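The block underneath contains the structure these notes are about, expressed in structure tokens.
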There are 2 protein chains.
Amino acid sequence: MTSMQNSFTEENYLKIIHSLSGREGVEVSTNALAESTSTRAASVTDMLRKLADKGLIHYKKYQGVRLTDSGEKVAIKVIRKHRLWEVFLVEKLGFGWDEVHDIAEELEHIPSEILVEKLDTFLGHPRFDPHGDPIPDAKGNLTEPDYTILTDIQVGEKVLMMGVLDHAPSFLQHLDRSGITLGAVIEVKEINEYDKSASVQINGGQTLFISLEVSKNLLVQRR
Amino acid sequence: MTSMQNSFTEENYLKIIHSLSGREGVEVSTNALAESTSTRAASVTDMLRKLADKGLIHYKKYQGVRLTDSGEKVAIKVIRKHRLWEVFLVEKLGFGWDEVHDIAEELEHIPSEILVEKLDTFLGHPRFDPHGDPIPDAKGNLTEPDYTILTDIQVGEKVLMMGVLDHAPSFLQHLDRSGITLGAVIEVKEINEYDKSASVQINGGQTLFISLEVSKNLLVQRR
DNA sequence: ATATATTTTTAGGGTAGTCTAAATTTTTTA
DNA sequence: TAAAAAATTTAGACTACCCTAAAAATATAT
């Protein structure tokens with residue numbers, strides 16, 4: 001049990017490597033990390049050497065980077081904390097789903113295993129965060145549900161709104177104004193050929209037009 | 001509105017200067033700060049120059065240090081956050097009052113005014129934290145209640161247990177084992193001359209002996 | 001297949017916060 | 001009130017994380 005503490009910054013790198021390497025654990029490039037961390041490539045190289053020394057990533061010069069099992073564990077713990085705190089902020093404190101990201105970004109680095117487990121219990125062991133992202137369990141199991149992107153849904157199909165790919169406040173606020181919330185029933189009425197915009201009916205009521213840009217960021221589930 | 005961010009470390013110095021300078025705003029020494037921050041005097045001197053440059057403290061070399069109004073404001077905000085989070089941890093998450101200090105020490109540095117105000121509302125605007133310390137209001141008003149130390153209570157008097165001076169887990173656990181909780185009625189039955197230990201009755205029930213060391217750390221109120 | 005463009009790493013450096021050792025100032029004591 | 005003791009500051013240095021500019025490696029294009 002090498003329970004050496006990782007810094008705020010190290011945790012962020014691991015979290016970002018996790019999210020950029022996707023489900024298949026593909027190599028992440030230095031430039032992609034520089035972009036995501038808002039630093040320069042040279043700074044990323046420094047940090048990668050450090051994370052490799054600590055055994056948290058697989059790193060060969062010029063070859064990109066991948067999490068080790070131990071790095072993956074740390075990343076998933078951070079993700080678990082982030083998502084649980086988001087649930088707290090929305091469900092208990094009354095924040096909107098468009099307001100919680102930055103605050104959770106800070107809270108996710110508070111140490112204390114016990115805190116996380118008590119928070120989880122207090123929230124009733126939620127399985128998804130306010131954006132529909134799955135919350136890893138205490139053992140570090142993270143099962144990605146197999147959602148479909150709305151662009152893959154045919155005219156006439158009825159689906160359940162389950163999550164978003166884009167977490168930007170402006171996008172989430174747009175959904176709020178359109179009445180598209182998690183759990184809403186979306187029926188695709190029509191798809192325009194020339195721009196792939198769609199006409200959809202929400203919860204059997206209002207019909208509205210959504211652009212391809214929006215469709216590409218909506219995760220839904222067939223019933 | 002000079003809303004420049006103060007670092008985690010700066011906030012800690014300000015909070016500690018506040019608590020060491022007491023209600024009269026007396027000068028705090030470099031060595032006292034080194035002790036409280038677990039650093040060396042030389043490091044404290046560096047930080048004091050920095051805080052003085054930022055206008056957060058009054059500092060003249062070799063003369064000790066005092067908060068400016070602006071420094072006082074920052075310190076009180078940190079104290080407000082610390083105490084609100086302690087209430088959350090005890091009341092909502094079920095932590096014991098002996099377990100929350102270190103976690104609150106981290107949470108108190110999470111930025112976001114809105115977060116604090118929503119937390120305060122969620123908790124029902126508590127006036128005291130789990131140790132009986134008063135919680136500053138949103139405007140930064142901190143009114144210290146005029147508690148009495150148990151050593152100043154005469155034999156025969158009945159008082160209410162209102163707070164503790166020592167927040168050490170071992171002390172709080174000792175009180176737990178003795179059945180001395182916030183709000184308990186304490187009647188002083190007898191005081192031993194030679195060691196000032198006392199015999200007290202709790203809530204009209206069990207009688208127990210408490211040492212001078214314990215009495216000196218109990219804050220009570222006459223009724 | 002070689003020249004060009006892109007990506008990544010190295011070299012050298014900066015700031016925040018910490019340290020030890022030495023110098024200086026203040027306080028205490030005789 | 002002068003010497004000794006204690007407290008404080010200065011000097012110089014270290015780590016974590018970041019930077020720019022230049023060098024090296026890889027990828028792309030003709």
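The analysis underlying the following values was restricted to heavy atoms, covering all of them including side chains, and did not include hydrogens, waters or symmetry mates. Worth saying up front: this structure is predicted, and the values here are computed from it rather than measured. Just so we're on the same page: letters track the sequence lines, and every chain starts at 1.
- Between the CG atom of B:Asn31 and the P atom of C:dT25 there is a distance of 18 Å, given to the nearest Å.
- Minimum atom distance to the side chain of B:Thr9 is reached by C:dT18, of the listed D:dT8, C:dT9, C:dT18.
- When each of C:dT18, D:dA7, C:dT25 is scored by its nearest atom to the side-chain atoms of B:Ser43, the top-ranked nucleotide is C:dT18.
- The only option from A:Val28, A:Asn6, A:Leu51 that meets the side-chain contact (heavy atoms from CB on, under 4.5 Å) definition with A:Tyr13 turns out to be A:Leu51.
- The residue B:Thr39 sits close only to the backbone: its heavy atoms come under 4.0 Å of sugar-phosphate atoms, none of a base.
- Atom CG of B:Asp46 is separated from atom P of D:dC14 by 16 Å (rounded to the nearest Å).
- In this structure, A:Phe8 reaches neither bases nor backbone, as no heavy-atom distance under 4.0 Å exists between it and the strands shown.
- When the nucleotides D:dC18, D:dA24, D:dT8 are ranked by their closest atom to the side chain of A:Tyr13, D:dC18 comes out on top.
- Under 4.0 angstrom from either OP1 or OP2 of D:dT8 there lies no side-chain N or O belonging to B:Tyr59.
- Between A:Glu10 atom CD and D:dC18 atom C1' the separation is 14 Å, expressed in whole Å.
- Checked against D:dT8, C:dT8, C:dT9, the side chain of B:Thr30 finds its nearest nucleotide in D:dT8.
- Ionic pairing of B:Glu27 and B:Lys60 is not present here: no N-O contact between side-chain nitrogen and carboxylate oxygen is shorter than 4.0 angstrom.
- Per the geometry, CZ belonging to B:Arg49 stands 13 Å off C1' belonging to D:dT8, to the nearest Å.
- Spacing between atom OH of B:Tyr62 and atom P of C:dT27 amounts to 12 Å, rounded to whole angstrom units.
- For the residue pair B:Asn31/B:Ser29, the side-chain donor-acceptor check at 3.5 Å is not satisfied.
- Between A:Asp53 atom CG and D:dT15 atom P the separation is 14 Å, expressed in whole Å.
- Distance B:Lys61 NZ to C:dT27 P: 15 Å, rounded to the nearest Å.
- Expressed to the nearest 0.5 Å, how far CH2 of A:Trp97 lies from CD of A:Gln173 amounts to 11.0 Å.
- Look at CG on B:Leu33: it is 13 Å from C1' on D:dA7, rounded to the nearest Å.
- The side chain of B:Ala42 has C:dA21 as its nearest neighbour among C:dT8, C:dA21, C:dT18.
- For the pair A:Arg40 and D:dT20, the criterion of a side-chain N or O lying under 4.0 Å from OP1 or OP2 is met.
- Mapping A:Ser7 and B:Val28 onto DNA chain D by nearest heavy atom places B:Val28 at the nucleotide closer to the 5' end.
- The number of heavy atoms from other shown groups lying within 6.0 Å of NZ (B:Lys77) does not exceed 12.
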